[in-house]
Every structure is written in C-alpha cells, then in structure tokens.
Amino acid sequence: YAQLRLDSPTGPPACNVCDWQAIGRQFTSVTYQGLSLQEGRSYYFGVRAENGAGMLAERFTDGIIIDRTPPIAVLNAPAENATIVTSSVAFSGTASDGLSFANYVIESGAGVAPASFAVLAGPFTVPVANGTLATAVVRQLPIGVRTFRLKVTDGAGLTAISTRTVTLDHTALTAPLVQPNAISPNGDGLQDAAAISATINRSANWTVNIRPTLADPPVRTFTGTGTSIAVVWDGKTAGGATVAERAYVVQIQAAAGAG
C-alpha cells in the first residue's frame, strides 16, 4: 500500500490521495499524477506492508517541500565597472530563499561575457540578507576585465544569478623567497649572503628594504623595474659596514598602473 500525506506523516492525507492504495507485492517506484500540490507545503510519502496474518508495518519519508520559486541573488558590491587595485575584493549583497536555501558561491570569469566560470569563494551554506557575502583574494587572477558572479542554489536545485563586471588593476607579488634564511657574512665562503627573489604579475617599480623591524629605517635598500626581483644581500649596509647580529625583516614593495 502507498499513501501521500500533507504537512505531517501523522496528519490528514493529501486531498488528491485520500487513503492507502494497493500497489502490489513488489514494486520499485510509485507515480502519482494529477496532484494539485501547494507551494511551500510539505508532503510525505508512506509505504505500508501487510503480512498474511494481517499484521501491518509502515514508514514515511522525511518530507518533500514543494518549491517552484527560484532563490534570491543580489550582488551589491563591488560596483559595476569598478576598477580594483587591491589584492582582495569584498562582496556584499543578498543570497537567500524563503523555503529551502542550499548554498551560494562567488565565481569569476574572464571578460565581459565569460565562456566559463570558476569558484572564487564558497560554497557557503548560511543565507545572507543585505550583508557581507565573502572576501576573496584576487592577486592570483590576471589583470584586465573580469566578471564576478553570485550564484545562489536552493534545495530544489533552482538557481539565481547576479553579476558585476570590473577591471582588475592590482599589482601582486608572488613566490617571495629568501635563501638561505640565516647568513654569516665573515668572508669564509659559507653562507656569506642571502638571495632574495620574487615575481610580479606586471612590470612595476620595486623596492627591497632590509630592516631590523618594520618600524625601523632600512639598513639596506635595493630598487629596480620589471616583473622579477633578484638581489643578493651580503649582510652589509650600502656603505659597506657589516650589520649587527640579529634577525632582519625583508620588505618588498612594488607599484605599477593604478596600484
């Protein structure tokens, strides 16, 4: 036997299927047709088995919510046609669904009309109403025009999308390396200097400062232009004096374009 119930497995049967219906001794599926199912209501499918002695056992599903309405996706920030010069982007807006919210993701694609998108942040499973959706790092993305997309999915698999087209104009350092990280500049040929390297996502004016701490003035400064940085510090000041024994901070800065 099979039955469809409305709102609760112990409540009244759904109006279109008013009682248990015999479906045979063996079955793998049952199809109900012509039902007038209501938006936002829960329906429970039940199966009852009866043996030759008239003993009964029945089970109901966890319930199915009827949801024909897509979720809500509103991307408020970043602004349309914004120029982004930072290495991260804050996204805000709304990702919600009144009945069966599932998740949302922030995606990214190249150009004004991307052929494909890749997930930049998420999935997130908590709905947001006019608030912060995510903060995503974009330093790994190429500079130029890019489209960000908020994609919201509900429990019924329905989706909603909101997009923003922006221009990335950030300057990003990648793969910074100091090797070795301990030197003894005494002229014995063993770890007398450290090689400092990094790459930049675009041609830029760069500066490498060696400081005791970030609050101290540099004891040595290197400058250059290009997409790669490669300098060697021998543990001395620009005047040739050997610095005091202690830890030092390597600070790398690069600037190009709008950033």
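Taken from CG in Asn103 to CG in Asp97, the straight-line distance is 11.0 Å, to the nearest 0.5 Å. To the nearest 0.5 Å, the span separating CG on Asn76 from OG on Ser92 amounts to 5.0 Å. Residue Ser88 holds its OG atom at 7.5 Å from CZ of Arg139, rounded to the nearest 0.5 Å.
Between the side chain of Thr237 and the main chain of Ala241, a donor-acceptor pair closer than 3.5 Å is present. No donor-acceptor pair under 3.5 Å is formed between the side chain of Ser162 and the backbone N or O of Val74. Not one N or O on the side chain of Gln251 forms a donor-acceptor pair closer than 3.5 Å with the backbone of Val208.
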Practice item. For side-chain contact (heavy atoms from CB on, under 4.5 Å), just list the numbers for Val145 and Val112, CA-CA rounded to whole Å, side-chain angles, deciding distance to a tenth of an Å, and then say yes or no. Key: CA-CA 7 Å; Val145 175; Val112 176; 3.9 Å; yes
Review point. What do the steps show when you test Ser100 against Asp67 for side chain to side chain donor-acceptor pair (under 3.5 Å), and what is the final call?
Key: CA-CA 8 Å; Ser100 58; Asp67 184 0; 2.7 Å; yes
Review point. What do the steps show when you test Thr167 against Arg146 for side chain to side chain donor-acceptor pair (under 3.5 Å), and what is the final call?
Key: CA-CA 6 Å; Thr167 298; Arg146 200 150 196 96; over 6 Å; no
Practice item. Kindly indicate, with the supporting measurements, whether the criterion side-chain contact (heavy atoms from CB on, under 4.5 Å) is fulfilled by Trp206 and Ile200. Key: CA-CA 9 Å; Trp206 53 262; Ile200 313 173; 4.0 Å; yes
What pairs of donor and acceptor atoms, side-chain ones from residues 216-226 against any protein atom, are under 3.5 angstrom apart with sequence neighbours left out?
| unit_1 | atom_1 | unit_2 | atom_2 | d |
| --- | --- | --- | --- | --- |
| Asp216 | OD2 | Thr213 | N | 3.2 |
| Asp216 | OD2 | Thr213 | OG1 | 2.8 |
| Arg220 | NH1 | Asp234 | OD1 | 3.4 |
| Arg220 | NH1 | Lys236 | O | 3.1 |
| Thr221 | OG1 | Asn209 | OD1 | 2.7 |
| Thr225 | OG1 | Asn205 | OD1 | 2.9 |

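With a 4.5 Å cut-off on side-chain heavy atoms, Ile106 and Leu150 count as touching. Leu173 has its side chain within reach of Ile229: a pair of non-hydrogen atoms, C-beta onward, lies under 4.5 Å apart. Annotation: side chain of Ser108 is not in contact with side chain of Phe117 (no heavy-atom distance under 4.5 Å). In this structure the side chain of Phe148 reaches within 4.5 angstrom of the side chain of Ile84, judged on heavy atoms. Put simply, the side chain of Thr83 does not reach to within 4.5 Å of the side chain of His170, judged on heavy atoms. Residues Asn201 and Thr171 are in side-chain contact: their nearest non-hydrogen atoms beyond the backbone lie under 4.5 Å apart. Proximity of Ile183 to Trp233: side-chain heavy atoms (C-beta onward) are separated by under 4.5 Å at one or more points. Taking the side chain as every heavy atom from C-beta outward, Tyr104 and Leu133 approach each other to under 4.5 Å.
Residue Ile72 is not grouped with residue Leu158 when hydrophobic side chains (ILVMFWY) are merged at heavy-atom distances under 4.5 angstrom, including chains of intermediate members. Both Leu141 and Leu75 belong to a common hydrophobic cluster when Ile, Leu, Val, Met, Phe, Trp and Tyr are linked at side-chain heavy-atom distances under 4.5 angstrom.
Applying the side chain to side chain contact (heavy atoms under 4.5 Å, CB included) rule to Thr163 yields the partners Thr147, Arg149, Ile161; only residues at least two apart in sequence or on another chain are considered.
Shown here is Gln179, whose CD atom has no more than 12 heavy atoms of other residues, nucleotides or ligands within 6.0 Å. More than 12 heavy atoms of other residues, nucleotides or ligands shown are found within 6.0 angstrom of CG on Asp188. Crowding of Gln140 atom CD: a count of heavy atoms from other residues, nucleotides or ligands under 6.0 Å exceeding 12.
Residues Val126 and Phe101 come closest through the heavy atom pair C-CE2, 3.7 Å. Heavy atoms only, all atoms of each residue included: Ala198 and Ile252 are closest at CB-CD1, 4.2 Å. In terms of heavy atoms, Val152 sits closest to Pro71 at O-CG, 3.4 Å. Listed here is the closest heavy atom pair of Val250 and Ile210: CG2-CD1, 4.0 Å. What you find for Ala129 and Thr94 is that their closest heavy atoms are C-OG1, 3.8 Å. When every heavy atom of Gly155 is checked against every heavy atom of Ala102, the shortest pair comes out as N-CB, 4.0 Å.
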